[in-house]
Amino acid sequence: MQKIGNFDIVINKCLWDMNPESIASDSDKNDFLLSVVNGFEDGKWRKSEFRKFILDNIAQTGLSAEDRDNLYSESPYTTLTESIKNLRLVDKDNGKGSEIAEIVLYGIMRYHYHALPVVPKIFYKQNPKDNAKGADSVHIVLDDKGDFSLWLGEAKFYNDITDERLYEPIKSVFDTISTEKIKKENSIITSIKDLEYVITDPDVRKKVQTILRRDTSIDEVRKRLHVPILLLHECSKTNAATDLAETYLNEIKEYHLNRAQRYFSSQNSKQKKENIYGYEHIQFHLILFPVPKKEDIVNWFVERAKQIKEDA
């Protein structure tokens with residue numbers, strides 16, 4: 001299986017490619033599913049690998065590019081402690097653990113999509129007066145032709161991903177792809193210094209800045225827009241499993257494909273009401289990642305962060 005770090009990729013396909021005989025909307029050709037699982041050791045879910053992934057990637061969203069560059073040269077531990085100082089730990093809108101999903105999404109964007117974190121959201125949201133709300137992740141992906149795509153992501157950590165849970169991320173997605181919010185994100189990208197650090201080629205950086213400036217039509221931006229939607233979720237199948245056996249992997253494949261079909265069916269139905277212009281150009285990437293118990297992960301994260309803050 002393909003990997004993201006030490007995690008295994010179960011599914012990484014366009015929905016239409018998985019079922020080209022489907023009579024569903026052509027929107028399926030822009031709907032992608034990435035299913036990712038953590039492994040097992042000694043019959044237990046490898047929580048140490050998951051924790052390491054969070055701590056290894058927290059600086060991607062917890063620090064500015066300048067701080068990452070300066071602090072890491074001093075000490076990786078200093079980078080970690082300074083990142084954790086910017087955590088909210090309890091989000092007034094999403095409760096405990098919301099930042100875990102944001103960090104995991106930044107890590108997946110980094111390793112799987114080779115994306116550049118042009119707006120480290122936790123860093124900019126830690127100031128209550130800061131206006132960097134909106135999408136949970138903001139990335140640029142460069143191609144080998146000197147062009148780029150814009151990625152505005154959503155990240156949620158749920159106890160389950162039943163149908164009722166899908167309404168909130170879909171609502172967030174339509175908020176993210178609205179003209180007002182895209183203009184706001186573009187304004188943030190072009191006004192902060194991070195772009196200078198993550199895109200070293202001045203010609204490419206100038207192209208990004210020119211296309212994302214406020215007077216560019218959002219119709220043009222939507223042609224470059226990708227929306228990753230991470231649903232980190234508690235899963236009874238994962239809680240009951242003891243290894244990456246074929247039975248378990250097939251269960252995850254079937255479940256995640258079912259959830260993806262349901263998610264995109266609901267999202268595309270909402271588009272019929274919202275009628276977002278240029279929607280057919282946007283590429284959506286649903287990322288599903290099951291964990292055994294949400295509460296255990298959240299408790300570890302909050303306590304570990306508090307301990308590091310106290311020791312710093």
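No experiment lies behind these values; they were computed from the predicted model shown. Throughout, numbering of the chain's residues begins at 1 and tracks the sequence.
- Tyr255 carries Lys237 over the face of its six-membered ring, with the cationic atom under 6.0 Å from the centre and within 45° of the normal.
- A donor-acceptor contact closer than 3.5 angstrom links the side chains of Glu164 and Thr162.
- Defined by atom type and a distance below 3.5 Å, a donor-acceptor pair is present between the side-chain atoms of Tyr279 and Gln267.
- Side-chain contact of Asn57 with Arg110: a donor-acceptor pair under 3.5 Å is present, judged by distance alone.
- No salt bridge links Lys145 with Asp147; every basic N to acidic carboxylate O contact stays at or beyond 4.0 Å.
- A salt bridge between Asp136 and Lys121 is absent, with no side-chain N of the basic residue lying under 4.0 Å from a carboxylate O of the acidic one.
- With ring centers used as reference points, His139 lies under 6.0 Å from Tyr106.
- At a threshold of 4.5 Å between side-chain heavy atoms, the hydrophobic network of Ile, Leu, Val, Met, Phe, Trp and Tyr places Val204 and Tyr197 in two separate groups.
- For Phe301 and Phe157, the distance between ring centers is not under 6.0 angstrom.
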* Could you walk me through whether Val37 and Phe7 pass the side-chain contact (heavy atoms from CB on, under 4.5 Å) check? -> CA-CA 6 Å; Val37 296; Phe7 302 145; over 6 Å; no

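- Lys270 meets the side chain to side chain donor-acceptor pair (under 3.5 Å) test with Glu274; sequence neighbours excluded.
- Under the 4.0 Å criterion applied to side-chain N and carboxylate O atoms, Glu66 and Lys193 are assigned as salt-bridge partners.
- Note on Phe40 and Trp300: same hydrophobic cluster, where clusters join Ile, Leu, Val, Met, Phe, Trp and Tyr whose side-chain heavy atoms are under 4.5 Å apart, directly or indirectly.
- Salt bridge status for Glu82 with Lys85: present, with a side-chain N to carboxylate O gap under 4.0 Å.
- Under the 4.0 Å criterion applied to side-chain N and carboxylate O atoms, Lys52 and Glu49 are assigned as salt-bridge partners.
- Phe32 is linked by a ring-ring contact (aromatic ring centres under 6.0 Å, His included) to His285, counting only residues two or more places apart in sequence or in another chain.
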